[in-house]
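Take a look at the structure below.
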Amino acid sequence: MEVTREVVLEAPLDDVWEALTDPEQLEEWFTEDGEQRELVVEEVETHRRVSYTWEEGRVAIEVEEVETGTRVVVTETGEPGWNAVFSLRSLVHAYA
């Protein structure tokens, strides 16, 4: 299964990048349902793209500065069930 979600956050690219790569902040939105996940960083292009894998699959997150803030595109592949793209709402609420 592959799920893609796109959102534009009214936040600077630097702040969004930090939220997506800082272990403490990342833990907040990847453990929303109370279940811990062990992530492995697969790819990093600073201020552009980061991808992680874990036992359920893989998530790739791309960011881009746009006129109104930062566009975030999350693509997750893997087993149906918990999805990072749905958990992205935690990040959205942080900048709402």
Nearest-0.5 Å distance that lies between atom CZ in R48 and atom CD in E64: 8.0 Å
Polar side chain donor-acceptor pair, T53 to E42, under 3.5 angstrom: yes
Over all atoms of both residues, closest heavy-atom pair of V50 and W17: CB-CH2, 4.0 Å
Same cluster (ILVMFWY, side-chain, under 4.5 Å), I61 and V40: no
Nearest-0.5 Å distance that lies between atom CG in L9 and atom OG1 in T70: 6.5 Å
CD on E76 to OG1 on T4, rounded to 0.5 Å: 9.5 Å
Atom of A60, atom of S51 and distance for their closest heavy-atom approach: CA-CB, 4.0 Å
Euclidean distance, R49 CZ relative to L20 CG, rounded to 0.5 Å: 12.5 Å
Verify same cluster id: V7, L13 (apolar side-chain graph, 4.5 Å): yes
Check: D14 and H47 side chains under 4.5 Å, non-hydrogen atoms: yes
CD on E6 to OG1 on T75, rounded to 0.5 Å: 9.5 Å
Single-linkage hydrophobic cluster V44~V73, side-chain heavy atoms < 4.5 angstrom: no
